[in-house]
Amino acid sequence: MLVAFSVAPSGTGSDSVGTAVADAVRVVRESGLPNETTAMFTTIEAETWDEAMDVVKRAVEAVQAHAPRVSLVLKADIRPGHTGQLRSKVERVERALGEG
């Protein structure tokens, strides 16, 4: 399964979220799961719900250490029996673009 999520602090009185987001991304990277961070989301690939949600929960907790309120946006692609989709899905689109 792929889980794309965005977590951000709120209620801090500052527009700067970089340090809090970095702490969340650190949790993701230390999890050992395949992952990718872009300007808007971090995507992880996990075998199970429990594995994915554990990482998301710990990332939220890392941000909570910085703020009294946290915003979480989450999107999941649940496809049992498929792995390596973090890269494969992008590669399929790139191939299709090359064929056009």
Side-chain angles (χ1 to χ4, degrees):
M1 84 173 10
L2 295 176
V3 175
F5 70 100
S6 173
V7 59
S10 182
T12 63
S14 171
D15 288 341
S16 179
V17 299
T19 301
V21 171
D23 285 348
V25 172
R26 187 173 295 109
V27 167
V28 170
R29 291 183 179 172
E30 289 175 354
S31 76
L33 294 178
N35 66 84
E36 178 180 70
T37 298
T38 64
M40 298 288 293
F41 285 91
T42 293
T43 304
I44 59 175
E45 184 165 10
E47 292 288 325
T48 67
W49 274 103
D50 290 342
E51 186 178 44
M53 293 304 111
D54 175 63
V55 173
V56 171
K57 179 182 178 192
R58 289 186 291 118
V60 168
E61 290 169 345
V63 173
Q64 279 179 318
H66 295 269
R69 189 173 187 176
V70 175
S71 171
L72 172 67
V73 176
L74 186 139
K75 181 177 181 177
D77 181 3
I78 301 135
R79 196 172 182 198
H82 289 79
T83 59
Q85 296 302 297
L86 187 64
R87 302 281 179 248
S88 308
K89 290 179 84 164
V90 175
E91 290 168 0
R92 287 191 296 274
V93 170
E94 291 295 335
R95 279 195 304 275
L97 287 169
E99 295 170 6

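Side-chain contact check for Val3 versus Met53: some heavy-atom pair is nearer than 4.5 Å. Residues Asp77 and Gln85 fail the side-chain proximity criterion, which asks for heavy atoms closer than 4.5 Å. Contact check for Val28 versus Thr37: no side-chain heavy atoms found under the 4.5 Å cut-off. You'll find the side chain of Phe41 reaches within 4.5 Å of the side chain of Val73, heavy atoms only. When side chains are defined from C-beta on, Thr83 counts as touching Glu47, because their heavy atoms get closer than 4.5 Å.
Counting all heavy atoms, side chain and backbone alike, Ile44 lies closest to Ala52 at CD1-O, 3.8 Å. The minimum heavy-atom distance linking Gly84 with Glu45 is given by the pair N-OE2, 2.8 Å. Glu51 approaches Thr48 most closely through the heavy-atom pair N-OG1, 3.0 Å. The minimum heavy-atom distance linking Ala67 with Pro9 is given by the pair CB-CB, 3.4 Å.
Residues Val63 and Val17 are members of separate hydrophobic clusters, defined by side-chain heavy-atom contacts under 4.5 angstrom among Ile, Leu, Val, Met, Phe, Trp and Tyr. Follow the hydrophobic side-chain contacts under 4.5 Å out from Leu72 and you reach Ile78 in the same cluster. Side-chain heavy atoms closer than 4.5 Å link hydrophobic residues (I, L, V, M, F, W, Y) into clusters, and following such links, even through other members, never connects Val25 to Val7.
Taking a 6.0 Å sphere around CZ of Arg69, one finds it holds 12 or fewer heavy atoms contributed by other residues, nucleotides or ligands.
Between the CZ atom of Arg95 and the OG atom of Ser88 there is a distance of 8.0 Å, given to the nearest 0.5 Å. With rounding to the nearest 0.5 Å, the separation of CG in Leu2 from NE2 in His82 is 11.0 Å. The distance from atom NE2 of His66 to atom OG1 of Thr19, rounded to the nearest 0.5 Å, is 6.5 Å.
Remark: the backbone N or O of Leu33 is paired with a side-chain donor or acceptor of Asn35 at under 3.5 angstrom.
For the pairing with Val27, the side chain to side chain contact (heavy atoms under 4.5 Å, CB included) check across Arg58, Lys57, Glu61 returns one residue only, Arg58.
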